[in-house]
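Hydrogens, waters and symmetry mates play no part in the numbers below; they use all other heavy atoms, side chains included. Treat the numbers as computed from the prediction; the structure is a model and nothing was measured. If you read the sequence from its start, that first residue is 1, and numbering goes on from there.
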Amino acid sequence: MVISVPKLSCGDKNLKSLIGVFSIYLRRKKIIKECATMIHDLKKFAVAILLVESGLIFLSGRPAIAFKLTRDGHLGITSDAVKPISVTIDGKTLKFSDKALDQIIEANKDTDSVIFPNNQARADFHFDDESFLAATTRILNLKQEVIDNIIKAQPDGSAARQALGGALHTIQDFYAHTNWVELGNTTIDTRLGRSTFAGLPLTTPTSPLGDPSTLLPGLTDLTSGYFVSGGITSPAPCAAPPGKTNHGAIPIACPEGLNKDDSSRPGFPQARNLAVQASSDFINQILQAPGVKNEFKPIQALMGLTGTLGFVIDTTGSMGSVIGQVKNQVTRAVNSIQDKTEVPEYLLQTFNDPSVGTPFVTQDPKTLLAAVNSLSVGGGGDCPELSMTGTLRAVEASLPNSNLFVFTDATSKDGSLSSQVATKAGAKNTKVNFLLNGSCSPIDPAYIEVAQKTGGQLFSLNTFEIGSAFNLIEPYLSSNLTW
């Protein structure tokens, strides 16, 4: 790899910033004596670059003095904990969306930021400096913040995931920064997220005097390492108090200590495994909390899930002249929504006369479109059709917070079901939209009632306008499908 080093001057803002970031690492070797030294000595500038490339520090402001932000570290731990989690309610299985996982991981990363704000210096964020009471209190507070954000009338899933990511980082650091593994524990500490507990007093030694990089032989108390306790401008920036243990992992100054932050450290595999288990346990605590357990709305909000995108289609013979256009508009709608949000499932419901189909539900948009494109028309005979029965079945089969689109050219033969449709859809916060065409579909009061009561739309189209229906429904496609 070739590194191109820019020409800098003493007054260059980028150089000043770089010197500030790397000074703690380079000062120990007396590299930075004056500005000119940094400018003209390529070898010493390369040392700084190597620190970045090696992952010891990130110019983005997220240092890796914790489980590293890699597949082995916080990123992978969080992913391994979140992905397998699922909740089944009324036969519907819910899992975290990819977007939600990304947001949780990003919030986890932010807990390691060193600038704006400097979270790295917060001992309670990382279980450093034996800050057990503050750290366990932080976890409890963030747990409640997650719950409060998803059980309120208008859930804030984004804020909940922000709090969740921060809490998971702290929980994961418990296993990397304490001696839980060294004490011989092979299961998680179930107190995390459920209670608070304090650490040892400063007067209780955990390391031999003069050797803060090792634990006292036979130590049975829980402790954690001290991180930059001397301050970054101190001659001994990471020296633990007398008799206490270093965190370690700070290049040059104090590389040795209690941390198990990467695969080179003793105890890392055990610490990582426990961090995954503890992260999963914490999320399940939230999912089992009062007001969350077995409730679609808060769980969907936390997992970043929307409702069902469903299509209710009239397949009677009179639809023959427009069914091709309907298929095309559904295809455009499904392809469009994938660029805007993650849809957990798609639904196709057909109705005819005298039969009404069984709801077809799939998580795969291609499978949905294949089913739509295989539709054929026939039957019917008279004008009114069983549109309300078809719509009712679609509402019952869909997730809460869904968006349904009904295509028909006929009035409803079963209009007496309109109140039931509107009530059930309203209870699920599901919007029902109607796209009507043809001489057999004057504006049916049943359609008006359902659209009004569910917050949906009603479009009356000429036959030749069906091919442009997507342009009308596009603004409403994701109106009920975001958190």
Side-chain angles (χ1 to χ4, degrees), residues 90-91 307-323 325-327 329-330 345-361 368 371-372 374-463 466 469 472-473 476 480:
D90 296 339
T308 306
L309 177 59
F311 302 93
V312 183
I313 300 177
D314 182 346
T315 59
T316 56
S318 60
M319 289 286 288
S321 62
V322 296
I323 193 64
Q325 296 180 70
V326 170
K327 292 177 181 180
Q329 299 312 296
V330 171
E345 66 176 30
Y346 299 85
L347 175 147
L348 171 63
Q349 172 68 59
T350 61
F351 62 90
N352 204 288
D353 186 9
S355 64
V356 175
T358 300
F360 175 75
V361 180
L368 181 281
V372 170
S374 69
L375 293 178
S376 60
V377 299
D382 57 350
C383 182
E385 312 296 358
L386 298 175
S387 55
M388 286 293 101
T389 299
T391 304
L392 180 60
R393 290 187 183 181
V395 169
E396 292 173 338
S398 63
L399 289 165
N401 308 299
S402 296
N403 222 355
L404 305 179
F405 293 87
V406 182
F407 291 84
T408 183
D409 67 348
T411 54
S412 60
K413 179 176 287 187
D414 47 3
S416 60
L417 293 176
S418 60
S419 294
Q420 188 177 348
V421 172
T423 299
K424 288 195 172 185
K428 285 184 149 185
N429 191 36
T430 290
K431 294 183 179 180
V432 182
N433 307 273
F434 294 89
L435 292 99
L436 313 175
N437 75 284
S439 60
C440 193
S441 61
I443 305 301
D444 191 323
Y447 301 155
I448 296 174
E449 177 188 2
V450 173
Q452 285 182 337
K453 289 185 176 179
T454 65
Q457 302 292 319
L458 188 150
F459 301 99
S460 179
L461 308 172
N462 292 313
T463 300
I466 290 293
L472 296 174
I473 67 175
Y476 308 101
N480 211 32

Return yes if some donor-acceptor pair links the side-chain N/O of [X] with the main-chain N/O of [Y] below 3.5 Å, else return no.
{"X": "Thr430", "Y": "Val395", "answer": "no"}
{"X": "Ser374", "Y": "Ala371", "answer": "yes"}
{"X": "Ser402", "Y": "Gly307", "answer": "no"}
{"X": "Asn433", "Y": "Leu404", "answer": "yes"}
{"X": "Asp444", "Y": "Thr411", "answer": "no"}
{"X": "Lys413", "Y": "Pro354", "answer": "no"}
{"X": "Gln349", "Y": "Gly357", "answer": "yes"}

Heavy-atom pair of closest approach, residues [X] and [Y]:
{"X": "Thr308", "Y": "Leu399", "result": "OG1-N, 2.9 Å"}
{"X": "Glu396", "Y": "Lys428", "result": "O-NZ, 3.2 Å"}
{"X": "Ala397", "Y": "Val361", "result": "O-CG2, 4.4 Å"}
{"X": "Val356", "Y": "Gly390", "result": "CG1-CA, 3.9 Å"}
{"X": "Ser412", "Y": "Met388", "result": "CB-CG, 4.0 Å"}
{"X": "Leu458", "Y": "Ala451", "result": "CB-CB, 4.5 Å"}

So, taking the atom named [atom1] in [X] and the one named [atom2] in [Y], what distance separates them when rounded to the nearest 0.5 Å?
{"X": "Leu348", "Y": "Thr358", "atom1": "CG", "atom2": "OG1", "value": "11.0 Å"}
{"X": "Leu386", "Y": "Arg393", "atom1": "CG", "atom2": "CZ", "value": "9.0 Å"}
{"X": "Thr391", "Y": "Gln420", "atom1": "OG1", "atom2": "CD", "value": "12.0 Å"}
{"X": "Ile466", "Y": "Asn437", "atom1": "CD1", "atom2": "CG", "value": "4.0 Å"}
{"X": "Ile323", "Y": "Ser321", "atom1": "CD1", "atom2": "OG", "value": "9.5 Å"}
{"X": "Phe351", "Y": "Asp414", "atom1": "CZ", "atom2": "CG", "value": "8.5 Å"}

field: Reference residue Phe407; test side chain to side chain contact (heavy atoms under 4.5 Å, CB included); the match among Val330, Asp314, Leu436
entry: Val330
side-chain hydrogen bond (donor to acceptor under 3.5 Å, both in side chains) involving Thr315 - partner list, sequence neighbours excluded: Asn352
- request: Give the C-alpha distance, both sets of side-chain angles, the deciding distance and a yes or no for side chain to side chain contact (heavy atoms under 4.5 Å, CB included) between Phe459 and Ile473.
  value: CA-CA 9 Å; Phe459 301 99; Ile473 67 175; 4.1 Å; yes
query: Under 4.5 Å between any side-chain heavy atoms of Val432 and Val312, yes or no?
result: no
message: Counting C-beta onward and ignoring hydrogens, is there a side-chain heavy-atom pair between Leu309 and Phe405 closer than 4.5 Å?
response: yes
task: Using the side-chain hydrogen bond (donor to acceptor under 3.5 Å, both in side chains) rule, take Tyr447 and Thr408 through it: C-alpha gap first, then chi angles, then the decisive distance, then the call.
output: CA-CA 11 Å; Tyr447 301 155; Thr408 183; 4.5 Å; no
query: Can you name the side chain to side chain contact (heavy atoms under 4.5 Å, CB included) partners of Glu449, sequence neighbours left out?
result: Ser418, Ser419, Lys453
